[in-house]
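Some notes on the structure that comes next.
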Amino acid sequence: MARITGISPQTRNPLLRLVFWYVRRRFGRDVQPLSGYATNPAVLASTIALEVGMERARRLDGRLKQLAELRAAALVGCAFCLDIGSVLVRRAGVTERQVLELDEYRTSDAFSPLEKLVLSYADRVTATPVEIDEDEFTRLREQLDEAQIVELTAAIAHENLRARINHALGYGAEGFSAGGVCARPARHPRPRPAAAVHGAA
């Protein structure tokens, strides 16, 4: 349950009404976190700018990026992000089995070696403190160029921002995944030793 009331989508503010309309048009319904962001125009503006910028960053395969974002949401435990994110990753081509086995990606044969590397990297970027395994990073560089790695890192960090704000403010699932599969919060939030990931790949 949301911890703040937020701004109604029926607000008389014409700019906010336009933003609510755009989000409703894109997702088919009002999205509750937007009501909270709208209480602070500067936060809303920066959020929109970051969302637009990240959407225009397309050097990295969208499926890999969405998969990494969903993993970050699972690690944070944001119900809203898992709900909507599970729909977005399926639209990007992630299979239902991958969504269901996201927390077991290290041992699941549903993921390619590159996908496992990306998910492990998401684990490490999301962890506190951030501890990047150099051997793992070298293997990632063999698959992705520098611009793609920067985009991947930014996408994971961006999802951490969204998920932590939404989770802290109490925004829960809104039924985006109703009738389909939905990823669950991670049961193993801390990254495993690099050897465990290497052996799984």
Side-chain angles (χ1 to χ4, degrees), residues 47 50-51 53-168 181-201:
T47 299
L50 187 54
E51 290 285 349
M54 288 305 299
E55 283 187 6
R56 291 182 177 177
R58 296 179 180 172
R59 293 289 296 272
L60 180 67
D61 174 36
R63 197 171 61 81
L64 283 176
K65 185 157 63 171
Q66 292 276 8
L67 196 58
E69 290 178 351
L70 188 64
R71 178 59 179 169
L75 291 165
V76 174
C78 174
F80 174 84
C81 298
L82 288 171
D83 180 28
I84 194 170
S86 293
V87 173
L88 295 176
V89 297
R90 293 201 307 275
R91 289 179 184 171
V94 174
T95 68
E96 291 190 354
R97 184 181 169 201
Q98 288 177 316
V99 173
L100 291 173
E101 297 183 12
L102 185 63
D103 205 35
E104 290 79 38
Y105 75 85
R106 298 175 185 88
T107 56
S108 171
D109 62 4
F111 300 90
S112 70
L114 175 57
E115 289 167 341
K116 290 184 179 186
L117 272 176
V118 165
L119 290 168
S120 181
Y121 187 63
D123 285 1
R124 295 183 183 283
V125 173
T126 302
T128 302
V130 175
E131 295 178 349
I132 304 301
D133 177 82
E134 291 301 330
D135 183 54
E136 208 170 279
F137 194 83
T138 297
R139 293 171 63 214
L140 195 62
R141 290 191 66 156
E142 292 172 354
Q143 301 289 328
L144 305 175
D145 64 29
E146 291 187 346
Q148 291 172 320
I149 292 174
V150 169
E151 185 173 333
L152 173 62
T153 307
I156 296 166
H158 183 205
E159 181 55 41
N160 268 268
L161 173 64
R162 283 188 299 221
R164 292 177 189 279
I165 292 175
N166 294 340
H167 197 28
V181 299
C182 185
R184 299 178 299 272
R187 295 188 300 275
H188 308 294
R190 290 195 61 78
R192 292 186 179 181
V197 179
H198 297 168

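Here the structure is a predicted model, which means the values were calculated and not measured.
Residues Ala73 and Ala163 share a closest heavy-atom pair of CA-CB, 4.3 Å. Closest approach of Asp133 to Glu136, counting heavy atoms only: OD2-N, 2.7 Å. A pairwise comparison of heavy atoms in Ala183 and Val99 identifies N-CG1, 3.5 Å as the closest pair. Shortest non-hydrogen contact noted between Gln66 and Val89 is O-CG1, 3.3 Å. Here the shortest heavy-atom pairing between Leu75 and Ala122 reads CD1-O, 4.0 Å. Scanning both residues, Arg71 and Ala186, for their nearest heavy atoms gives NH1-CB, 3.8 Å.
Checking side-chain atoms of Gln148 against main-chain N and O of Leu60 turns up no donor-acceptor pair under 3.5 Å.
Partners of Arg141 according to the salt bridge (Lys or Arg N to Asp or Glu O under 4.0 Å) rule, which considers only residues two or more places apart in sequence or in another chain, are Glu146. Considering only residues two or more places apart in sequence or on other chains, Ser86 meets the side-chain hydrogen bond (donor to acceptor under 3.5 Å, both in side chains) condition with none of them. By the side-chain contact (heavy atoms from CB on, under 4.5 Å) test, Ala57 is found to be paired with Lys65, Glu151, residues two or more places apart in sequence or in another chain being considered. Take Arg97 and apply the side-chain hydrogen bond (donor to acceptor under 3.5 Å, both in side chains) test, not counting sequence neighbours, and it matches Glu101, Asp109. Ile132 pairs by the side-chain contact (heavy atoms from CB on, under 4.5 Å) definition with Tyr121, Arg124, Val125, Val130, Phe137, not counting sequence neighbours. For Glu55, the side-chain hydrogen bond (donor to acceptor under 3.5 Å, both in side chains) criterion is met by Arg26, not counting sequence neighbours. Scored by the side-chain hydrogen bond (donor to acceptor under 3.5 Å, both in side chains) test, Glu134 finds no partners at all (sequence neighbours excluded).
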Step-by-step side-chain contact (heavy atoms from CB on, under 4.5 Å) determination, Val94 to Leu70: CA-CA 11 Å; Val94 174; Leu70 188 64; 5.9 Å; no
side-chain contact (heavy atoms from CB on, under 4.5 Å) assessment of Leu140 paired with Val118: CA-CA 8 Å; Leu140 195 62; Val118 165; 4.2 Å; yes
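Atom CZ of Phe111 is separated from atom CG of Leu117 by 13.0 Å, given to the nearest 0.5 angstrom. Taking CD from Gln143 and CD1 from Ile149, the interatomic distance works out to 10.0 Å, rounded to the nearest 0.5 Å. The line from OG of Ser108 to CG of Leu100 is 10.0 Å long, rounded to the nearest 0.5 Å. One distance of note links CG of Asp103 with CZ of Arg106; it measures 7.5 Å at 0.5 Å rounding.
The list of salt bridge (charged side-chain N to carboxylate O under 4.0 Å, His left out) pairs with a residue in residues 81-94, not counting sequence neighbours, is empty. Identified under the salt bridge (charged side-chain N to carboxylate O under 4.0 Å, His left out) test for residues 152-164, with sequence neighbours left out: Glu51-Arg162, Glu69-Arg162, Glu159-Arg162.
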